[in-house]
Amino acid sequence: MKFEIMRERLVEGLNDVMKAVSSKTTIPILTGIKMDVSAEGMRLTGSDSDITIQTFIPAEEDGKQIIRVIEGGSIVLQAKVFGEIIRKLPTNEVEIEITGNFQTHIRSGKSEFHLIGLDAMDYPQLPDIQDDRLFTIPADLLKTIIRETVFAVSSSETRPVLTGVHWEVKDGELVCVATDSHRLARRKTKLETLPEGEYSVVIPGKSLTELNKILDDNSEAVEIVMTNQQVLFKSKHILFFSRLLEGNYPDTSRLIPSEHKTTVTVNGRSLLQAIDRASLLAREERNNVVRFSATSGSDVEVSSNSPEVGKVEEQLQAQSIEGEELKISFSAKFMMDALKAIDGQDVVIQFTGAMRPFILKSALDDSILQLILPVRTY
């Protein structure tokens, strides 16, 4: 196997697939990256057996030659070492040649490296995925959906299914829900391309976070295929496979209160900044709690009190306050995460009492819903 390639394109491809490679894997060959070279171009594959990323670098693009293939073939090379070498090579032209016994020679300018490769036949095969449950979604919308939900997944492995985001397709709508049992984030999206039937999967939060890093804002559409064990995201030159989490996701719809006693409409960005300031003093405390009170008048008060550090109070003008007076305490971090997901728009907050979960929604549309459990502070 022998070919020449533009270094910057190889670095880009390696950056994508390296996101799936973990040094903690129990399968030694998965610490490597698989490289398949043919006349069409090069496929790079990286995997930790939960996530698999494959990217394709075409031999020619827009009439410009990127890879000159002299002889095709496959090899697995140590991901970390190979990635570092390619990144630090002196020129943009790289020649890679594999001789007997998987000896790999990398040449660029006056620099030459010799690596010992592994047999690509030992590398696990990609999962075989049928396209019967395929739908497409614009890349920027997919990134938004991930950003608005993935922060609320659980970080504790005691209930593994809660470390993922529940994606459910029904009635022409995609509903994505994440919860760690103290808060919940839900995003609904109407899509025209959804296939018939209802189905639901739980995608690991870690997978969605990595997918979000890889997706370009300018890549047009992403094709999504769901099967019972795997989900596949296909973008221009990238295939991103993730295993799914097993187990039944709890029915979260009954957690969302249907009536409310107090409704506050307020500018999301101002509230976020006020809570951020109040949490400066709350941070010293273990639980980072901020108090919020809506009494008669048009102002709400955000405050925090830390016996050793001091206290802070801030008045914030609300656009409207309806219903009963209310004093409630909550985690500053949870509230700030929720407000960031709604992203600077006017926010409607609906409370059902000081010890009941409360809801945040955008004043403009109700596709995003955030739910937070308050904290007892007495």
Polar contact flag, side-chain donor to acceptor under 3.5 angstrom, T179-T252 | no
Next item on the list: Decide if atom CD of E198 counts as having more than 12 heavy atoms of other residues, nucleotides or ligands within a radius under 6.0 Å.
Entry: yes
Applied to residues 25-41, the side chain to side chain donor-acceptor pair (under 3.5 Å) test, sequence neighbours excluded, yields T31-Q78, D36-S74, S38-E40
Under the 3.5 angstrom rule, does the side chain of K2 hit a backbone N or O of E71 as a donor-acceptor pair?
no
Taken to the nearest 0.5 Å, the spacing of I372 CD1 from K333 NZ works out to 10.5 Å
V21 and G32 have their tightest heavy-atom pair at CG2-O, 4.3 Å
For the hydrophobic clusters of this structure (ILVMFWY residues joined by side-chain heavy atoms under 4.5 Å, transitively), does one cluster hold both L14 and L118? no
Return yes if a side-chain donor-acceptor contact under 3.5 Å exists between S154 and T163, otherwise no.
no
Interatomic distance, CG@L239 vs CZ@R43, rounded to 0.5 Å, equals 7.0 Å
* Salt bridge check: are K19 and E210 linked by an N-O gap of less than 4.0 Å? -> no
Does a donor on one side chain and an acceptor on the other come within less than 3.5 Å for S293 and T295?
no
Could you tell me whether the side chains of D128 and Q130 share a donor-acceptor contact shorter than 3.5 Å?
-> yes
(request) Take I349 and T263 through the test side-chain contact (heavy atoms from CB on, under 4.5 Å) and record every step on the way to the result. (result) CA-CA 6 Å; I349 314 174; T263 304; over 6 Å; no
So for atom CD, which belongs to Q229, do other residues, nucleotides or ligands contribute more than 12 heavy atoms lying within a distance under 6.0 Å?
no
Q. Is there a path of hydrophobic side-chain contacts, each under 4.5 Å between heavy atoms of I, L, V, M, F, W or Y residues, that connects V69 with M35?
A. yes
Report yes or no: is the cationic atom of R356 (NZ for Lys, CZ for Arg) under 6.0 Å from the centre of the six-membered ring of F351, at an angle within 45° of the ring normal?
no
Looking only at heavy atoms, the pair that brings P58 and I66 closest together is O-CB, 3.6 Å
Within a strict 4.5 Å, meaning less than it, do heavy atoms of the L174 and C176 side chains meet? yes
Does the side-chain contact (heavy atoms from CB on, under 4.5 Å) test come out yes or no for K170 and Y199, once each step is laid out?
CA-CA 7 Å; K170 63 178 192 192; Y199 40 93; over 6 Å; no
As a quick check of understanding, evaluate salt bridge (Lys or Arg N to Asp or Glu O under 4.0 Å) for E84 and K80, giving each step before the final call.
CA-CA 6 Å; E84 285 291 323; K80 205 161 172 227; over 6 Å; no
Is any NZ, NE, NH1 or NH2 atom of the basic residue among E61 and K64 found under 4.0 Å from an Asp or Glu carboxylate oxygen of the other?
-> no
### Query
Take atom CG in N101; do more than 12 heavy atoms of anything else shown fall under 6.0 Å from it?
no
| query | If only atom types and distance count, is the side chain of D119 paired as donor or acceptor with the main-chain N or O of M121 below 3.5 Å? | reply | yes
field: Residues D337 and R183 bridged, charged N to O under 4.0 Å
entry: yes
Go through the steps to decide whether F241 and V231 satisfy the test side-chain contact (heavy atoms from CB on, under 4.5 Å), and finish with yes or no.
CA-CA 6 Å; F241 296 85; V231 59; over 6 Å; no
Exactly one of I53, I137, L208 clears side-chain contact (heavy atoms from CB on, under 4.5 Å) with F233, and that residue is L208
Compute whether any side-chain donor of one residue and acceptor of the other, for R87 and N15, lie under 3.5 angstrom apart. yes
- Query: What about V81 and L44, same hydrophobic cluster or not, with Ile/Leu/Val/Met/Phe/Trp/Tyr joined at side-chain heavy-atom distances under 4.5 Å?
  - Reply: yes
- Does the pair R107/E112 count as a salt bridge with the N-to-O cut at 4.0 Å? yes
Open item on the list: Could you check whether any side-chain N or O of T227 sits under 3.5 Å from a backbone N or O of Q230, counting only pairs where one atom can act as donor and the other as acceptor?
Closed with: yes
Residues V289 and S329: closest non-hydrogen pair is CG1-CB, 3.7 Å
For M335 and I275 the tightest heavy-atom approach is CG-CD1, 3.4 Å
Kindly indicate, with the supporting measurements, whether the criterion side-chain hydrogen bond (donor to acceptor under 3.5 Å, both in side chains) is fulfilled by T99 and H105.
CA-CA 8 Å; T99 52; H105 311 284; 3.1 Å; yes
**Prompt:** Is the shortest side-chain N to carboxylate O distance from R277 to E314 below 4.0 Å?
**Reply:** yes
*Quick one: do the H114 and T104 side chains pair a donor with an acceptor below 3.5 Å?*
no
Look at the side chain of N267 and the backbone N and O of D346, then say whether any donor-acceptor pair between them is shorter than 3.5 Å. no
Exercise. Inspect the contact between E324 and K261 and indicate whether a charged nitrogen and a carboxylate oxygen are less than 4.0 angstrom apart.
Key: no
Let me see the working for T91 and S108 under side-chain hydrogen bond (donor to acceptor under 3.5 Å, both in side chains), right down to the final yes or no.
CA-CA 6 Å; T91 72; S108 172; 2.8 Å; yes
Between R147 and D343, is the side-chain contact (heavy atoms from CB on, under 4.5 Å) condition met? List the steps. CA-CA 10 Å; R147 187 183 54 94; D343 196 27; 4.2 Å; yes
Would you say that V266 contacts L316 through its side chain, given a criterion of any heavy-atom pair below 4.5 Å between the two side chains?
yes
Using the rule that two of Ile, Leu, Val, Met, Phe, Trp, Tyr join whenever any of their side-chain heavy atoms come within less than 4.5 Å, decide whether M18 and I85 are in one cluster. yes
**Item:** Common cluster, V177/L191, ILVMFWY with side-chain heavy-atom separation under 4.5 Å
**Value:** no
In terms of heavy-atom contacts, S298 and I321 come closest through C-CD1, 3.9 Å
Practice prompt. State whether the number of non-hydrogen atoms from other residues, nucleotides or ligands found under 6.0 Å of D251 atom CG is greater than 12.
Written response: yes
Distance-only polar pair, side chains of E301 and Q315, donor-acceptor under 3.5 Å
yes
- Inspect the contact between D366 and K361 and indicate whether a charged nitrogen and a carboxylate oxygen are less than 4.0 angstrom apart. no
Residues I368 and R187: closest non-hydrogen pair is CG1-CD, 4.1 Å
Distance col, row T45:OG1 vs I33:CD1, nearest 0.5 angstrom, shows 9.0 Å
Has the side chain of S207 got a donor or acceptor atom that lies under 3.5 Å from a matching backbone atom of I203? no
Margin query: One thing to verify: whether E223 and K234 come together as a salt bridge, which I'm taking to mean a side-chain N less than 4.0 angstrom from a carboxylate O.
Written below: yes
